[in-house]
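Encoded as structure tokens, the structure appears first; notes follow it.
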Amino acid sequence: MSNIEPLEQKVYLSSPTMHGEELKYVQEAYETNWMSTVGANIDAIESEIASYVGVNHAVALSSGTAALHLAVKLAGVKPGDEVLCSDMTFSATVNPVVYEGGVPVFVDSEYETWNMSPEALEKTFELHPNAKAVMVAHLYGTPARIQEIADIAHAHGAVLIEDAAESLGATVDGKQTGSFGDIAAISFNGNKIITGSSGGMLLTNSEAQADKARKWSTQSREAAPWYQHEELGYNYRMSNVIAGVIRGQLLHLEEHIAQKKAITERYAEGLKDLPVTVMPVGARFIAPVRPNHWLTCLLIDPDSMCPQVRGDHDYLYASEPGKSCPQQILDAIAAINAEGRPIWKPMHLQPYYRNHAFVTAQGDGRAQTNAYIAGTATDVGADVFQRGLCLPSDNKMTPDQQDRIIEVIRSCFE
Ligand SMILES: *Cc1c(COP(=O)(O)O)cnc(C)c1O
């Protein structure tokens with residue numbers, strides 16, 4: 001590897017970017033003493049997000065995870081019910097199913113979008129015909145083949161929950177992710193494309209569902225003179241202060257998407273003669289699809305992978321001329337003061353979920369777990385985890401900083 005100067009200022013994977021308007025709305029909340037889970041910012045941001053995404057109702061909550069939890073409840077998932085879930089995703093997609101006693105069944109990904117494979121979903125319904133719901137995530141802001149997935153879910157009488165936590169602003173045929181599901185969730189966590197520092201929303205076209213979610217999120221208080229409780233409640237409502245930050249951020253969502261798209265394009269150009277695919281450039285149906293480019297990722301060609309093994313907490317690789325691997329690139333990036341990350345480790349490889357079914361487009365995929373340990377897995381998720389990585393994608397990264405990162409990645413293949 002060549003000697004490349006470390007960056008003076010650390011470049012993060014994806015960090016909050018404030019603009020100024022956020023403070024104005026927070027100040028209003030402060031000066032009017034609406035420092036609560038009630039207030040004008042909450043009302044405004046709910047209607048602004050609903051109209052931006054194109055759904056009838058948005059319910060402001062404390063996190064995307066809370067939104068997914070209430071979505072699972074609204075879907076009517078009861079203890080023992082199976083829910084067919086994206087396999088390559090963040091654990092917060094799946095954990096809320098377990099909060100309700102549901103049983104996640106993991107559906108393999110496809111190479112084109114890295115999201116749930118509609119073919120594997122069909123196969124999963126053959127093996128698990130009574131599944132109550134489908135939980136699909138749009139990983140890294142690249143839309144899944146969501147219309148096909150919606151059609152398959154509905155043909156099998158399942159409720160479709162869309163985890164659009166990472167994909168706010170991404171569209172398919174001009175329609176926003178988060179508007180295809182029967183219920184959807186978005187997130188305003190600190191690393192997402194816009195942030196409230198935390199926060200999330202549940203999206204639905206049904207007024208009855210929105211009312212239910214609002215009631216559950218505020219401790220399930222009944223309309224009565226005293227605290228009257230007829231069902232289980234939660235403290236999941238968004239703060240009016242957080243809502244103010246999000247109101248200011250929403251004004252800059254399109255700008256963030258444009259900045260992140262430019263980052264993807266700069267990586268694609270700078271790495272174009274390397275044996276890699278830059279995502280989402282390689283995503284299927286890229287024409288009618290607009291990713292939000294939240295994170296730009298890399299997939300190394302199989303023939304250009306140097307040996308790399310991962311245990312539960314550690315890794316080893318052996319560098320070879322002309323070849324590299326994600327852990328080598330991540331080490332090299334970290335050495336110049338920039339932050340990348342491995343691909344989200346698929347759920348079927350997580351020790352916590354080892355007892356759950358996993359289905360690939362070929363059928364039962366659980367044999368793949370042992371194959372993964374032996375290094376011969378053929379499921380898409382394990383392969384993308386092995387060969388892929390997330391690149392520094394912060395929208396404050398300058399072209400000079402990005403060029404330095406590109407130079408480091410190139411040096412790994414020398
Ligand atoms: C961030 C994230 C969540 C959870 O959102 P929080 O607001 O952090 O609770 C859920 N699913 C995915 C895919 C995410 O990336």
Side-chain angles (χ1 to χ4, degrees), residues 12-16 45 49 58-73 75 83-100 104 106-107 109 113-116 133-144 146 149 160-170 177-178 180-181 183-203 213 217 234-239 242-243 245-246 249-250 256 260 279-280 291-297 341-347 350 353 381 384-385 388 390 393:
Y12 289 95
L13 186 72
S14 181
S15 71
I45 197 64
I49 289 284
V59 180
L61 300 170
S62 53
S63 69
T65 309
L68 288 163
H69 183 190
L70 298 188
V72 169
K73 278 179 72 86
V83 177
L84 312 187
C85 298
S86 287
D87 174 56
M88 203 170 78
T89 185
F90 185 56
S91 64
T93 308
V94 177
N95 290 341
V97 172
V98 179
Y99 299 167
E100 287 305 305
F106 301 118
V107 183
S109 309
T113 67
W114 294 3
N115 289 309
M116 180 185 279
V134 171
M135 172 71 90
V136 60
H138 303 284
L139 205 68
Y140 305 137
T142 298
I146 189 66
I149 288 167
L160 179 66
I161 305 173
E162 225 185 328
D163 179 354
E166 300 179 0
S167 67
L168 184 63
T177 59
F180 291 86
I183 316 163
I186 53 178
S187 166
F188 302 105
N189 186 354
N191 67 355
K192 300 302 196 297
I193 190 136
I194 60 168
T195 184
S197 71
S198 65
M201 276 193 196
L202 180 142
L203 311 177
S217 74
Y234 302 85
N235 181 5
Y236 276 176
R237 196 71 166 133
M238 182 184 282
S239 143
I242 300 281
V245 179
I246 300 168
Q249 286 269 288
L250 185 58
H256 286 195
K260 292 206 179 238
M279 282 291 278
N292 74 359
H293 295 268
W294 175 54
L295 295 187
T296 300
C297 299
R341 192 160 293 171
I343 296 299
W344 298 181
K345 184 174 178 174
M347 291 301 116
Q350 298 290 355
Y353 284 115
V384 171
F385 177 57
C390 306
S393 303

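Please read these numbers as outputs of a predicted model, since none were measured by experiment. Atoms within each ligand, like the ligands themselves, are counted from 1 in listed order.
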CA sep, side-chain torsions, deciding dist, call: E166, W344, side-chain contact (heavy atoms from CB on, under 4.5 Å): CA-CA 13 Å; E166 300 179 0; W344 298 181; 3.0 Å; yes
Sub-4.5 Å side-chain heavy-atom contact between W114 and P280: no
Contact check, side chains of T177 and I146, non-hydrogen atoms, under 4.5 Å: no
Report all N/O contacts between ligand 1 and the protein shorter than 3.5 Å as a table of atom names and distances to 0.1 Å; if there are none, say 'none'.
from, atom 1, to, atom 2, distance (Å)
ligand 1, 5 (O), S187, OG, 3.3
ligand 1, 7 (O), G64, N, 2.8
ligand 1, 7 (O), S187, OG, 2.7
ligand 1, 8 (O), N189, ND2, 3.0
ligand 1, 9 (O), G64, N, 3.3
ligand 1, 9 (O), T65, N, 2.9
ligand 1, 9 (O), T65, OG1, 2.5
ligand 1, 11 (N), D163, OD1, 3.4
ligand 1, 11 (N), D163, OD2, 2.7
ligand 1, 15 (O), E166, OE2, 2.5
ligand 1, 15 (O), K192, NZ, 3.3

K192: side chain to side chain donor-acceptor pair (under 3.5 Å) partners, not counting sequence neighbours: none
Flag side-chain contact, heavy atom, 4.5 Å: V72 against Y99: no
Side-chain donor-acceptor contact under 3.5 Å, Y353 with N95: yes
